[in-house]
2 protein chains.
Amino acid sequence: MAGRRGEGDEVVTASPKKTAEPPAETVADVRERARAIPEAAVARLAVYLRVLSGMAEQGVTTISSEELAGAAGVNSAKLRKDLSYVGSYGTRGVGYDVEVLVSHIERILGLTRKHSVAVVGIGNLGHALANYGGFPSRGFPVAALFDIDPDLTGVPVGGIPVHHIDDITSVCAEREVSIGVIATPPQAAQAVCDRLVSAGVQCILNFAPVVLQVPDYVEVRKVDLAVEMQILSFHVARRADEAAVDVVNGVGVDGVVIRP
Amino acid sequence: MAGRRGEGDEVVTASPKKTAEPPAETVADVRERARAIPEAAVARLAVYLRVLSGMAEQGVTTISSEELAGAAGVNSAKLRKDLSYVGSYGTRGVGYDVEVLVSHIERILGLTRKHSVAVVGIGNLGHALANYGGFPSRGFPVAALFDIDPDLTGVPVGGIPVHHIDDITSVCAEREVSIGVIATPPQAAQAVCDRLVSAGVQCILNFAPVVLQVPDYVEVRKVDLAVEMQILSFHVARRADEAAVDVVNGVGVDGVVIRP
DNA sequence: CCGACTTTGTGCATACGTTCACAAGCGGTA
DNA sequence: TACCGCTTGTGAACGTATGCACAAAGTCGG
Ligand SMILES: NC(=O)c1ccc[n+]([C@@H]2O[C@H](COP(=O)([O-])OP(=O)(O)OC[C@H]3O[C@@H](n4cnc5c(N)ncnc54)[C@H](O)[C@@H]3O)[C@@H](O)[C@H]2O)c1
Ligand SMILES: NC(=O)c1ccc[n+]([C@@H]2O[C@H](COP(=O)([O-])OP(=O)(O)OC[C@H]3O[C@@H](n4cnc5c(N)ncnc54)[C@H](O)[C@@H]3O)[C@@H](O)[C@H]2O)c1
C-alpha cells in the first residue's frame with residue numbers, strides 16, 4: 001500500500017507509555033479497515049464482482065478502472081476508491097488482473113465461505129425464490145424452506161422440501177442457516193423474524209412491507225417494491241414540476257431570473 | 001410555514017430591481033423544493049406513508065414525531081427533517097394530523113395520479129409480481145404483461161392477459177404505462193429495456209442482474225437480491241473480524257489500547 | 001390571560017460519500 | 001539505463017446526509 005503515513009511495518013512491540021494525542025497505528029487497524037468500508041461501497045463491490053465474473057468467463061484477464069467503471073455504470077474515480085478499500089491490487093499503467101480482483105473482493109465480502117439461506121413463506125414470491133438458480137451459483141445455497149400451511153409442508157419446491165414453521169429452530173441449526181428470507185404476509189413478518197432470531201439467524205432479508213424490530217446484533221435488509229415504485233413516481237412528478245417551472249420561466253415572471 | 005426568512009406571502013408581483021445579493025424567494029422555490037429532497041429522504045417518506053396509512057386504518061388521528069419515528073425505525077430528528085422537506089404541517093406541542101400528513105406525502109411522491117405498470121418476463125418472478133395484490137392497492141395498477149414465449153401469450157396471469165413482447169410499443173401507449181418492470185433473464189434485459197424506452201417508458205425497475213444503459217431522462221432502479229445477500233455476508237465477515245480483534249485485545253497486545 | 005409543558009422546525013456541527021486532480025509507479029521502447 | 005506514456009492510488013475539496021440541541025410555537029389547566 002502506497003501512501004501509508006507511518007514508516008515500515010512497525011512490529012507490535014509498541015512504545016511504552018505513549019500517552020500522546022496522535023494514536024499509534026496497530027494490528028487492529030488492519031481489521032479496522034474492513035469495518036471502515038462504507039456501506040455504499042460494499043454494495044458496489046458486489047456489482048463489480050458480478051461484472052468481473054462475467055469478464056472472466058469471456059476470457060478477459062486484465063481490465064482498467066475506466067473499462068470496469070463503464071461496465072458497472074459508475075465513475076472511474078469512485079471505482080478506484082472503492083477498490084482501494086479492498087487493498088491495492090492493480091498495476092499502474094496496466095490495470096487490474098481480473099482473477100486477482102475477484103478473489104480479493106470475494107474475501108472482503110466474506111464469500112470464501114458458503115452462506116446457507118432459509119426462505120420462510122412459500123407463496124407466490126417464496127416459490128419464485130426457491131426455484132431461482134441464481135443464489136446457489138453465487139454461494140448462497142437455499143438450505144431450507146418453511147411455511148405455516150400444512151398443505152405445503154412436506155411437498156418439495158425447487159427440489160427442497162418445505163418444513164413447518166414450528167421446526168424452524170432445529171432445522172436452521174442443523175443446516176447452519178445464516179441468512180433468513182422473509183416472504184410471508186406482513187402480519188406474520190415480525191413473528192417470523194423473532195423466530196429466526198431465536199434460531200440464531202443473524203442476517204435477514206425482508207420482503208414484507210413492515211419495519212422489523214430486531215436486536216442490535218442482527219442485520220436486516222429490506223426489499224420493498226412499493227417503495228421502489230414510489231421513488232420512481234417521485235421522479236416522474238419532479239420532472240413534471242421542472243417542466244412547469246420552465247414554462248413559467250419562458251412566460252417570464254417579471255425581472256426574476258430563475259437560473260441566471 | 002414557520003421560520004421563513006422574508007415576510008408574509010409575498011405575491012408574485014416581485015419587487016422591481018432588487019439586484020441585491022440575497023436572492024428573493026419566488027414561486028420557483030416552491031417547485032425547487034421538490035427537487036431539493038434528498039433521494040434517501042424520498043425512500044423514507046415512502047416508508048412513513050405506509051406506516052401512516054396503517055395508523056389511519058387503526059383510527060389514529062394524530063401522531064408525534066417520536067412515535068412515528070419509532071414505528072418507521074428512524075431517529076425522530078431525521079424524521080422531522082424529512083417532513084420539513086415536504087412542508088410544515090405539524091402542530092407544535094401536539095404532533096401531526098395523520099390524514100393531512102398522508103395527503104401531503106402522497107402529493108410530494110406524485111401519488112395523486114395512478115402509475116400504470118408493465119411487467120416484462122412472465123417466468124417465476126413475473127408470475128409472482130402479476131399475482132401480487134400490493135401494487136394496485138398502492139396506486140400502481142399492473143396494466144400489461146409481456147413475454148417472448150408464444151406458449152404464454154394470450155393466457156391471463158393474475159387476471160391480466162400476457163402480450164407478446166413485439167406488441168410492447170402499441171400496448172404501452174394504449175395503457176399509458178409509466179413504469180416498466182424487467183423480470184427477464186439477464187441476457188434479454190438490455191434489449192427489453194431498449195424496447196421499453198422506445199415505447200416511451202421513462203421509469204424502469206430492473207430485477208435482472210445486469211447494469212442497464214439508458215438515456216439520461218430515464219430513471220432506473222434495480223433490485224438485486226444476490227447483492228443484498230452479499231452485503232449481509234459482508235456484515236457477517238466483518239463481525240467475525242471484530243471478534244478476532246477483541247480476542248487479540250483480550251490476549252493483550254502490550255500497552256496498545258485499541259479503544260481507550 | 002398566564003405560565004407550565006409539550007413538540008415542532010431548523011441552525012449548526014459533524015460524519016459520510018463523491019469527485020477531482022495529480023504524484024507515484026509500472027511497462028515498454030530506444 | 002533513461003525516458004515516455006499510461007493507469008493506479010489517494011490526498012484534498014467539495015457536496016450531501018445525519019443528529020444534536022434549542023428557540024419558537026403551540027396546547028391546556030388554572
Ligand atoms: N408477490 C410479490 O410479487 C410481492 C411483491 C412485493 C412484496 N411482496 C411481499 O412478499 C410477501 C409474500 O408475498 P406473496 O405474494 O408470496 O404472498 P402469499 O400470500 O402468496 O404467500 C405467503 C405465504 O406465507 C405463508 N405464511 C403465512 N403466515 C406464515 C407464518 N406465520 N409462518 C410461515 N409462513 C407463513 C402462507 O402460508 C403463504 O404460503 C408479502 O409480505 C408481500 O407483501 C410480494
Ligand atoms: N426468481 C427469483 O426469485 C429471482 C431472484 C432474483 C433475481 N431474479 C432475476 O429475475 C429475472 C427473472 O427471473 P425468473 O426466475 O422469473 O426467470 P424465468 O426464467 O423463470 O423467467 C424469465 C421469463 O422471461 C421470458 N423472456 C425471455 N426473454 C424474453 C424477452 N426477450 N422478452 C420478453 N420475455 C422474455 C421467458 O420466456 C420467461 O418466461 C432473472 O433475470 C433473474 O436473474 C429472479
Side-chain angles (χ1 to χ4, degrees), chain A residues 1-7 25 29 32-33 35-45 47-48 52 60-98 100-101 104-105 108 231, chain B residues 1-7 22 25 29 32-33 35-45 47-48 52 60-98 100-101 104-105 231:
Chain A
M1 184 152 322
R4 200 134 164 303
R5 257 200 309 291
E7 243 334 277
E25 305 262 301
D29 292 314
E32 187 83 1
R33 192 169 309 137
R35 192 173 56 171
I37 303 183
E39 185 97 359
V42 173
R44 287 190 298 265
L45 283 170
V47 174
Y48 305 153
L52 286 166
V60 178
T61 58
T62 289
I63 193 168
S64 74
S65 62
E66 206 73 48
E67 291 172 288
L68 182 50
V74 301
N75 169 318
S76 75
K78 179 145 65 180
L79 178 130
R80 288 199 300 278
K81 179 137 288 188
D82 288 345
L83 293 183
S84 81
Y85 294 123
V86 173
S88 304
Y89 304 111
T91 306
R92 293 171 189 223
V94 178
Y96 301 88
D97 181 289
V98 175
V100 170
L101 211 44
H104 282 287
I105 294 177
I108 287 288
I231 295 170
Chain B
M1 186 161 321
R4 199 133 164 301
R5 259 200 308 288
E7 245 332 278
E25 306 263 299
D29 292 314
E32 188 83 1
R33 192 170 307 138
R35 190 173 55 173
I37 303 182
E39 184 98 358
V42 173
R44 287 191 298 265
L45 283 170
V47 174
Y48 306 153
L52 286 165
V60 179
T61 58
T62 288
I63 193 168
S64 73
S65 62
E66 206 73 46
E67 290 172 288
L68 181 51
V74 301
N75 169 318
S76 75
K78 179 146 65 182
L79 178 131
R80 288 199 300 276
K81 182 143 288 189
D82 287 344
L83 293 183
S84 81
Y85 294 123
V86 173
S88 305
Y89 304 110
T91 306
R92 295 172 188 219
V94 177
Y96 300 89
D97 181 288
V98 174
V100 170
L101 212 45
H104 284 287
I105 294 177
I231 295 171

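Below, chains carry the letters A, B, ... as their sequence lines are ordered, and counting in each starts from 1.
Applying the 4.0 Å criterion to OP1 and OP2 of C:dT8, one finds that B:Ser65 has a side-chain N or O inside that range.
Counting to the nearest Å, the P atom of C:dT8 and the NZ atom of B:Lys78 are 17 Å from each other. Going from atom CG of B:Asn75 over to atom C1' of C:dT8 covers 14 Å, rounded to whole Å. To the nearest angstrom, C1' of D:dT7 lies 8 Å from OH of A:Tyr96. Going from atom CZ of B:Arg80 over to atom C1' of D:dT18 covers 13 Å, rounded to whole Å. Protein atom CG of B:Leu45 is 13 Å distant from nucleotide atom P of D:dA17, rounded to whole Å. Here C:dT8 presents its P atom at 13 Å from CG of B:Asp97, a figure rounded to the nearest Å. With rounding to whole Å, B:Ile37 atom CD1 is found 14 Å from C:dT10 atom P. To the nearest angstrom, P of D:dG9 lies 7 Å from CG of A:Leu83.
When each of B:Thr91 and A:Gly95 is assigned the nucleotide of DNA chain D with its nearest heavy atom, A:Gly95 is the one assigned upstream, toward the 5' end. Residue B:Ala77 is the one, among A:Lys81 and B:Ala77, whose nearest nucleotide of DNA chain C lies closer to the 5' end (criterion: closest heavy atom).
Checked by distance alone, A:Arg92 brings a side-chain donor or acceptor within 3.5 Å of a matching partner on the base of D:dT8.
Here the closest heavy-atom approach between residue B:Ser76 and residue B:Ala69 is recorded as CA-CB, 3.5 Å.
Contact check for B:Tyr48 versus B:Val74: side-chain heavy atoms found under the 4.5 Å cut-off.
Comparing C:dT7, D:dT8, C:dT18 by their nearest atom to the side chain of B:Ser64 picks out C:dT7. You'll find that the side chain of A:Ser88 is closest to D:dT10, out of D:dG26, D:dT10, C:dT19.
Separation of atoms OG (A:Ser88) and NE2 (A:His104) is listed at 10.5 Å; rounding is to 0.5 Å. The distance from the CG atom of B:Leu68 to the CG atom of B:Leu79 is 4.5 Å, given to the nearest 0.5 Å.
The only option from A:Thr62, A:Leu52, A:Leu83, A:Thr61 that meets the side-chain contact (heavy atoms from CB on, under 4.5 Å) definition with A:Tyr96 turns out to be A:Leu83.
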